[in-house]
Novice: 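Below is one structure. I have some questions about it.
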Amino acid sequence: MSTGPGLESLVDQTISVITNDGRNIVGVLKGFDQATNVILDESHERVYSTKEGVQQLVLGLYIIRGDNISVVGELDEELDSALDLSNLRAHPLKPVIH
């Protein structure tokens with residue numbers, strides 16, 4: 001199995017990972033392996049709700065198994081910092097069904 005395309009260019013960048021169970025984890029990509037397991041530093045989970053603003057749960061140094069990753073994306077830190085997450089409402093993501 002080859003490594004995910006483009007992950008090399010995202011090392012030391014802030015990324016957003018959507019997991020198969022619908023979690024959104026944001027952190028600095030520190031490394032990955034051939035199974036696309038990723039290591040994030042300074043990470044937090046964003047928990048979305050239709051009733052209240054986005055909660056950010058601090059995770060710190062965090063490893064996500066490659067077989068639990070649905071989407072990896074680069075995060076525009078300038079745009080992200082301009083968002084008012086306390087006023088943002090959204091339905092939580094549903095788990096990915098293969």
Novice: Could you give me the CA-CA distance, side-chain angles and deciding distance for Asp80 and Arg46, then say whether salt bridge (Lys or Arg N to Asp or Glu O under 4.0 Å) is met?
Specialist: CA-CA 12 Å; Asp80 189 62; Arg46 292 184 176 174; 2.6 Å; yes
Novice: Checking side chain to side chain contact (heavy atoms under 4.5 Å, CB included) between Ile25 and each of Ile69, Leu57, Val38, Leu59, which is the one that passes?
Specialist: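 Of the listed residues Ile69, Leu57, Val38, Leu59, the side chain to side chain contact (heavy atoms under 4.5 Å, CB included) partner of Ile25 is Leu59.
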Novice: OG/Ser16 to CG/Asp76 distance, rounded to the nearest 0.5 angstrom?
Specialist: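 It comes to 12.5 Å.
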Novice: Could you measure the distance from the CD atom of Glu45 to the CD atom of Gln55? Nearest 0.5 Å is fine.
Specialist: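 Those atoms lie 9.5 Å apart.
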Novice: Can a salt bridge be assigned to the pair Asp33 and Arg65 using a cut-off of 4.0 Å between side-chain N and carboxylate O?
Specialist: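 No.
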Novice: Are side-chain heavy atoms of Ile15 and Leu75 found at a separation under 4.5 Å?
Specialist: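 No, side chains not in contact.
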Novice: Test your reading of the model: is there a side-chain donor-acceptor pair from Asn20 to the backbone of Asp67, 3.5 Å cut-off?
Specialist: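 Such a contact is found between Asn20 side chain and Asp67 backbone.
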Novice: Is there a side chain to side chain contact (heavy atoms under 4.5 Å, CB included) between Thr19 and Ile64 once you walk through the steps?
Specialist: CA-CA 8 Å; Thr19 62; Ile64 306 172; 4.2 Å; yes
Novice: Do Leu10 and Phe32 come within less than 4.5 Å of each other through their side chains, counting heavy atoms only?
Specialist: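 They are not in contact (no side-chain heavy atoms under 4.5 Å apart), so the answer is no.
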Novice: For the NE2 atom of His44 and the OH atom of Tyr62, what is their distance to the nearest 0.5 Å?
Specialist: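 Answer for the NE2-OH pair, His44 versus Tyr62, is 13.0 Å.
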Novice: Over all heavy atoms of both residues, which pair between Glu74 and Gln13 is shortest? Give the atoms and the distance, please.
Specialist: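 Heavy atoms of Glu74 and Gln13 come nearest at OE2-OE1, 4.4 Å.
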Novice: Can you tell if the side chain of Leu93 reaches within under 4.5 Å of the side chain of Tyr48, non-hydrogen atoms only?
Specialist: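 Side chain of Leu93 against side chain of Tyr48, heavy atoms only: no contact under 4.5 Å found.
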Novice: Using the side chain to side chain contact (heavy atoms under 4.5 Å, CB included) rule, pick out the option among Val72, Leu40, Asp41 that qualifies with Leu29.
Specialist: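 Considering Val72, Leu40, Asp41, a side chain to side chain contact (heavy atoms under 4.5 Å, CB included) with Leu29 is found only for Leu40.
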Novice: If you look at every heavy atom in Arg89 and Thr50, which pair is closest and at what distance?
Specialist: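 Nearest heavy atoms, Arg89 then Thr50: CD-O, 3.7 Å.
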Novice: Does Asn37 reach the main-chain N or O of Gly66 with its side chain, forming a donor-acceptor pair under 3.5 Å?
Specialist: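 Indeed, once roles are kept as given, a pair shorter than 3.5 Å links the two residues.
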Novice: In Å and rounded to the nearest 0.5 Å, what is the CG to OG distance from Asp21 to Ser70?
Specialist: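 If we round to the nearest 0.5 Å, Asp21:CG and Ser70:OG are 8.5 Å apart.
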Novice: With no hydrogens and no angle check, is any side-chain donor or acceptor of Ser86 less than 3.5 Å from a backbone partner on Gly53?
Specialist: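 Not confirmed, Ser86 side chain does not pair with Gly53 backbone.
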Novice: Measure the spacing between CG of Asn87 and CG of Asp84 and express it to the nearest 0.5 Å.
Specialist: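 Between Asn87 CG and Asp84 CG, I get 4.0 Å after rounding to 0.5 Å.
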Novice: Test of understanding: clusters of I, L, V, M, F, W, Y form through side-chain heavy atoms closer than 4.5 Å, transitively. Do Val28 and Val17 belong to the same one?
Specialist: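 Different clusters: Val28 never reaches Val17 through Ile, Leu, Val, Met, Phe, Trp or Tyr contacts under 4.5 Å.
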